[in-house]
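Structure first, commentary second.
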Amino acid sequence: MSYLKLFLTFFKIGAVSFGGGYGMISLIREEVLSNGWLEEEDLLNMIAVSESTPGPIAVNMATFIGSKQGGITGSMVATLGVILPSFIIILLIAALIRNLLKYKGVQGFLNGVRPCIIGLILATALNIFITTILNISTLSDFGNDYSGFNIRGFIILIMIIAISLITKYILQKKSSPIMMIIISAILGMIVYSV
Amino acid sequence: MKKYLNLFLTMLKIGLFTFGGGYAMIALLENEFVSTKKWIKKDEFLDMVAIAESTPGPIAINAATYIGYTVLGFWGALTATVAVCIPSFTIIYIISLFFDAFLSLTLVAYAFKGIQVCVIYLIFTAGMKLLKKMEKNPFNISILIIVVAAMVLTSLFAVNFSTVYYILIFGATGIFDYLISLIRSRKEADR
């Protein structure tokens with residue numbers, strides 16, 4: 001495992017992912033899956049852990065993957081990689097171009113990027129649904145060895161949606177991500193034990 | 001020196017208590033730096049938020065670097081950024097050492113199978129929240145539909161097409177759209 005690869009991958013993630021938190025997940029997913037650093041399930045576990053612990057998702061992810069790939073040095077290298085682009089870009093803006101956002105060209109760029117980020121987030125959710133619940137990774141392996149629809153996962157998803165709708169419309173309360181994670185953990189223990 | 005220590009400890013505290021990412025942190029930062037310490041003016045803080053949201057990278061890191069620089073220059077930026085990362089770095093590093101052993105317990109593994117499903121729901125609702133706030137004009141809607149369709153199809157047909165390209169392509173489209181509107185308004189002004 002080369003530290004340089006870890007550093008460069010997380011540097012790229014830090015440098016080009018707009019929209020913070022969930023906006024960064026599509027690129028993080030693509031990079032960690034294609035490098036074989038995590039399986040889809042590990043990635044989802046990590047997102048849940050990130051949601052339930054303090055700090056930015058990207059930093060949490062970098063620390064975790066760095067640690068798995070290269071111990072304490074790996075986790076430092078990866079975390080440094082994901083932070084450095086922000087640090088450099090923000091320093092340049094704060095020191096030199098505070099009115100960056102007032103340029104019409106920059107506004108144009110962001111106008112195009114914003115709906116794109118929303119699309120990336122929704123598509124990432126759909127793609128994870130397709131790979132983990134429908135259990136289809138690509139269409140080509142659909143015919144050969146289709147290992148089957150993830151019925152338990154689907155039941156849990158329906159229950160989560162039902163619970164969030166009940167909290168929102170009947171109890172008139174907001175459901176926090178951490179609350180939903182705890183409920184789904186309980187659902188998982190019940191549905192998979194049966 | 002005392003101000004550096006103050007900045008360091010405040011950012012450490014914020015890094016430790018911010019659950020749910022960048023947006024949750026903005027409120028804490030405002031409370032500390034604008035209301036309590038009065039190190040930053042309200043309008044400058046709002047500019048900072050706009051920049052932190054519009055530049056790449058984690059919003060929390062962007063905000064910490066910007067505030068650190070505004071208060072104490074380069075070394076302030078470094079102090080603030082390092083401090084805000086230390087809590088999550090430490091916590092996640094410790095978790096990474098024990099996570100696999102923890103997951104090998106059957107009941108925990110079952111719990112995480114439920115949690116994995118929940119994460120799909122969380123990502124989707126995060127996207128839907130942004131979608132609700134998005135201005136529904138033809139430009140935005142067409143970009144959104146193209147991105148979702150292309151992402152799902154490339155994944156299904158196992159085509160490699162990096163997320164980075166989507167961002168660059170539609171960023172360029174945005175600039176192009178601005179240039180066209182500029183040319184149009186010039187032409188109308190000529191008439």
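In what follows, chains carry the letters A, B, and so on, assigned in the order in which the sequence lines appear, proteins first and then strands, with residues in each chain numbered from 1. None of these values were measured; they are calculated from a predicted model.
Between chain A and the options B/Phe124, B/Phe17, B/Phe112, heavy-atom pairs under 4.5 Å are most frequent for B/Phe112. For chain B, the option among A/Ile90, A/Ile121, A/Ile190 with the highest count of heavy-atom pairs below 4.5 Å is A/Ile90. Ranked by heavy-atom pairs shorter than 4.5 Å toward chain A, the options B/Thr173, B/Thr106, B/Leu122 are led by B/Leu122. Taking chain A as the reference chain and counting heavy-atom pairs below 4.5 Å, the highest number among B/Gly114, B/Gly127, B/Gly15, B/Pro87 is found for B/Gly114. Counting heavy-atom pairs closer than 4.5 Å to chain B, the top residue among A/Gly23, A/Ser26, A/Ala58 is A/Ser26.
Between B/Thr10 and B/Glu32, the side chains place no donor N or O within less than 3.5 Å of an acceptor N or O (distance only, hydrogens not considered).
For B/Phe161, the CZ atom sits in a packed shell: over 12 heavy atoms of surrounding residues, nucleotides or ligands are nearer than 6.0 Å. When the shell of 6.0 Å around OH of B/Tyr165 is examined, it contains 12 or fewer heavy atoms from other residues, nucleotides or ligands. Applying the 6.0 Å contact sphere to CZ of B/Phe176 captures no more than 12 heavy atoms from other residues, nucleotides or ligands. Shown here is B/Met134, whose CE atom has more than 12 heavy atoms of other residues, nucleotides or ligands within 6.0 Å.
Ion pairing of B/Asp100 with A/Lys68 is present here, as a side-chain N (NZ or NE/NH1/NH2) and a carboxylate O approach within less than 4.0 Å.
If you measure heavy-atom distances from A/Val106 to chain B, you find no contacts under 4.5 Å at all. In this structure, no portion of A/Val191 lies under 4.5 Å from any heavy atom of chain B. When heavy atoms are compared at a cutoff of 4.5 Å, A/Ala62 does not approach chain B at all. Heavy atoms of A/Pro85 lying under 4.5 Å from chain B are absent altogether. The contact between A/Phe64 and chain B is made by backbone and side chain atoms together, counting heavy-atom distances below 4.5 Å. Contacts of A/Thr132 with chain B are made by side-chain atoms alone, with heavy-atom separations under 4.5 Å and no backbone atom involved. Residue contact with chain B, scored on non-hydrogen atoms closer than 4.5 Å, involves the side chain of A/Ile178 exclusively. Heavy atoms closer than 4.5 Å to chain B are found in the side chain of A/Glu30, but not in its backbone. Using a 4.5 Å cut-off between heavy atoms, A/Met24 touches chain B through its side chain atoms alone. Of the two parts of A/Met159, neither the backbone nor the side chain holds a non-hydrogen atom closer than 4.5 Å to a non-hydrogen atom of chain B. Neither the backbone nor the side chain of A/Ser176 comes within contact range of chain B; no heavy atom of the residue lies under 4.5 Å from a heavy atom of that chain. With a 4.5 angstrom heavy-atom cutoff, A/Leu120 touches chain B via backbone and side-chain atoms both. The part of A/Thr79 that comes within reach of chain B is its side chain, from C-beta onward, which places non-hydrogen atoms under 4.5 angstrom from that chain. For A/Leu187, no part sits under 4.5 Å from any heavy atom of chain B, backbone or side chain.
One N or O on the side chain of B/Thr154 and one on the backbone of B/Met151 form a donor-acceptor pair closer than 3.5 Å. Counting only distance, with no hydrogens or angles, the side chain of B/Lys136 and the backbone of B/Lys132 share a donor-acceptor pair below 3.5 Å.
Because its NZ or CZ atom is both nearer than 6.0 Å to the ring centre of A/Tyr192 and within 45° of the ring axis, B/Lys113 counts as a cation-pi partner of that residue.
Under the 4.5 Å side-chain criterion, counting only non-hydrogen atoms from C-beta, A/Ile117 is not in contact with A/Tyr22. At least one side-chain heavy atom of A/Arg29 sits less than 4.5 Å from a side-chain heavy atom of A/Ile128.
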